[in-house]
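Presented below is the structure to which this report refers.
In listed order, ligands and their atoms are each counted from 1.
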Amino acid sequence: MPVPVIKLIESPEDMTAIEALQREVWPGSETDVVPAHMLITATHNGGLVLGAYLEEKLVGFVFGFPGLEKTPDGPRAKHCSHMMGILPAYRDAGVGFLLKRAQWQMVRHQGLDHITWTYDPLLSRNAYLNLTKLGAVCNTYRRSEYGDMRDGLNAGLPSDRFQVDWWINTRRVERRLGKRVRKPLKLDDFSKADLHPLYTPLASTGSLLRPPEHFSPLEGRLILAEIPSDFNALKQEDFSLAGEWRTFTREVFESAFHAGYIVTDFIFDGGRSLYVLSHGETTLQ
Ligand SMILES: CC(C)(COP(=O)(O)OP(=O)(O)OC[C@H]1O[C@@H](n2cnc3c(N)ncnc32)[C@H](O)[C@@H]1OP(=O)(O)O)[C@@H](O)C(=O)NCCC(=O)NCCS
């Protein structure tokens with residue numbers, strides 16, 4: 001696929017095209033579409049809507065706005081990235097990465113050093129993009145962040161989310177966005193280091209995986225937590241199993257964050273998907 005052109009979206013006509021794109025990425029509920037007037041007001045106040053175009057066709061977008069976070073020293077400015085969506089036929093070709101890289105450049109230009117966003121921790125592709133390719137980290141688990149969601153991708157399952165932190169001026173992030181491609185993490189790298197997963201998923205019907213009853217005690221500098229590689233497909237095939245995964249991983253991640261672990265990487269190797277959590281004084285290198 002040719003490399004898409006990334007453009008800053010500003011005109012009312014182009015914002016209407018972003019509305020239409022949202023309907024294709026999140027089918028099912030008109031209420032969940034961010035309307036053009038809201039996008040326009042946000043961009044007039046420091047917000048950013050970026051579109052990815054392939055031969056004039058809009059194939060993806062990312063939208064975010066400035067926000068405030070609480071810190072012990074009082075409120076601090078950051079960029080809150082709210083939505084990113086790529087048309088299904090154009091996924092896995094680096095479009096999401098290019099949009100986030102453009103967002104990174106523009107937000108740095110605004111003088112901010114922190115971007116946050118949320119995503120469903122059971123979505124392997126999102127995890128791989130956010131943590132491994134972009135270098136975001138996470139130690140914030142939000143239960144039922146959006147209450148009951150209505151869109152086709154999310155309806156009927158508690159909307160638990162990871163909130164990720166993207167420290168955009170760190171060497172860690174600069175390296176991941178740089179030209180030198182990082183060697184993908186392999187499961188073997190961890191087996192050699194004698195590191196074992198926190199639990200092993202069990203076989204269910206067909207190729208579906210089921211979460212086990214328990215996980216091992218949280219100890220050691222690095223731990224691995226496995227999730228299904230295609231949670232959306234699993235949701236469609238066995239909805240109650242999707243709920244079991246939600247409950248189980250909620251307990252795993254809440255316990256791990258409480259114990260001082262932070263999610264720093266994600267392995268997608270040989271059809272398996274595993275979070276890497278590091279304890280304590282993790283550097284952001
Ligand atoms: C999540 C989303 C924005 C990513 O966009 P994208 O253009 O596909 O992302 P990229 O191609 O830059 O990166 C995806 C990476 O995941 C990899 N990947 C594909 N399937 C995967 C899987 N099951 N598990 C882990 N990684 C996977 C791809 O190979 C690619 O990595 P690579 O470049 O090293 O090959 C897009 O899939 C999307 O629109 N999803 C639906 C809406 C959504 O979830 N939005 C985000 C929350 S608002």
Side-chain angles (χ1 to χ4, degrees), residues 1-4 6 18 20-29 32-34 39 49-54 57-65 80-104 115-136 138 142 145-146 149 151-155 157 159-164 166 176-177 179-187 207-209 225-236 245 263 265-276:
M1 195 173 82
V3 179
I6 308 294
I18 299 286
L21 183 61
Q22 292 178 62
R23 288 187 192 100
E24 285 190 65
V25 177
W26 294 278
S29 168
D32 288 314
V33 172
V34 178
L39 297 170
V49 180
L50 296 159
Y53 291 83
L54 271 168
K57 181 182 165 65
L58 178 68
V59 298
F61 80 106
V62 63
F63 163 55
F65 48 85
C80 171
S81 186
H82 185 53
M83 285 178 134
M84 178 157 84
I86 315 298
L87 288 178
Y90 298 89
R91 290 182 191 159
D92 296 339
V95 180
F97 178 79
L98 288 178
L99 280 165
K100 290 300 281 188
R101 198 167 63 182
Q103 183 187 55
W104 168 75
I115 304 181
T116 62
W117 64 93
T118 62
Y119 78 97
D120 184 338
L122 284 165
L123 294 179
S124 171
R125 179 199 272 119
N126 300 49
Y128 185 76
L129 172 61
N130 294 336
L131 306 163
T132 304
K133 289 181 68 175
L134 299 174
C138 174
R142 296 191 184 278
E145 170 82 340
Y146 302 111
M149 297 196 72
D151 72 85
L153 289 183
N154 295 301
L157 202 70
S159 55
D160 291 16
R161 295 289 179 266
F162 270 5
Q163 179 180 296
V164 297
W166 204 24
R176 304 229 180 170
L177 298 188
K179 293 230 160 48
R180 264 184 53 199
V181 181
R182 182 168 174 255
K183 196 171 128 277
L185 289 175
K186 296 279 175 199
L187 257 177
S207 59
L208 297 184
L209 294 178
E226 185 157 2
I227 60 164
S229 285
D230 190 346
F231 187 62
N232 284 330
L234 183 145
K235 230 193 269 183
Q236 267 166 9
W245 271 107
V263 170
D265 249 308
F266 191 80
I267 306 167
F268 178 53
D269 181 22
R272 291 180 67 192
S273 298
L274 299 101
Y275 280 98
V276 181

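Scanning both residues, Leu50 and Leu99, for their nearest heavy atoms gives O-CD2, 3.6 Å. Taking all atoms of both residues into account, the shortest heavy-atom contact from Val3 to Leu98 is CG1-CD1, 3.9 Å. Across all their heavy atoms, Glu24 and Pro27 have their closest contact at O-CD, 3.9 Å.
Of all the heavy atoms of Leu129, the ones lying under 4.0 Å from any atom of ligand 1 belong exclusively to the side chain. Contacts between Asn126 and ligand 1, counted as non-hydrogen atom pairs separated by less than 4.0 Å, involve the side chain only. Residue Phe97 touches ligand 1 through backbone and side chain together, judged by heavy-atom distances below 4.0 Å.
Considering backbone and side-chain atoms together, Thr118 places no N or O closer than 3.5 Å to any N or O of ligand 1. Inclusion of Val25 in the set of residues having an N or O under 3.5 Å from an N or O of ligand 1 is not warranted. For the pair Ser124 and ligand 1, the shortest N or O to N or O distance falls below 3.5 Å. Between Met83 and ligand 1, no pair of N/O atoms sits closer than 3.5 Å. For Met84, a nitrogen or oxygen atom sits less than 3.5 Å from a nitrogen or oxygen atom of ligand 1, counting backbone and side chain alike. On a distance-only criterion, Ile86 and ligand 1 share at least one N/O pair closer than 3.5 Å. Considering backbone and side-chain N/O atoms, Ala93 comes within less than 3.5 Å of an N/O atom of ligand 1.
Note: His82 and Phe65 have tilted aromatic rings, judged against thresholds of 30 and 60 degrees for the angle between ring planes.
For atom 41 (C) of ligand 1, the candidate residues are Arg272, Arg91, Arg101; the nearest heavy-atom contact is made by Arg91. For the residues Asp92, Leu98, Leu99, the heavy atom positioned nearest atom 8 (O) of ligand 1 is part of Asp92.
The Tyr128 neighbourhood of ligand 1 comprises atoms 15 (C), 16 (O), 17 (C), 25 (C), 26 (N), 31 (O), 34 (O), with distances under 4.0 Å to a heavy atom of that residue. Interface of Gly85 with ligand 1, defined as ligand atoms under 4.0 Å from a residue heavy atom, comprises 39 (O). Atoms of ligand 1 found under 4.0 Å from any heavy atom of Gly94, numbered from 1 in the order shown, are 10 (P), 11 (O), 12 (O). Shown in contact with Ser229 at under 4.0 Å from a heavy atom are these atoms of ligand 1, numbered in order with element: 23 (N).
Ligand 1 does not have Asp230 within reach: every non-hydrogen atom of the residue lies 4.0 Å or more from it. Residue contacts with ligand 1: Lys100 is excluded, as none of its non-hydrogen atoms falls under 4.0 Å.
Within the 3.5 Å criterion, the main-chain N or O of Val34 finds a donor-acceptor partner in the side chain of Gln22. Without hydrogens or angle criteria, Trp245 side chain to Leu209 main chain gives a donor-acceptor distance under 3.5 Å. The backbone N or O of Pro121 sits less than 3.5 Å from a side-chain atom of Tyr275, completing a donor-acceptor pair.
The distance from atom CG of Leu123 to atom CZ of Phe162, rounded to the nearest 0.5 Å, is 11.0 Å.
Applying the salt bridge (charged side-chain N to carboxylate O under 4.0 Å, His left out) test to Asp92 and every residue at least two apart in sequence or in another chain returns Arg125. For Asp265, the side-chain contact (heavy atoms from CB on, under 4.5 Å) criterion is met by Thr132, Arg176, Arg182, Leu185, Val276, not counting sequence neighbours.
No donor-acceptor contact under 3.5 angstrom links the side chains of Ser229 and Ser124, judged on distance only.
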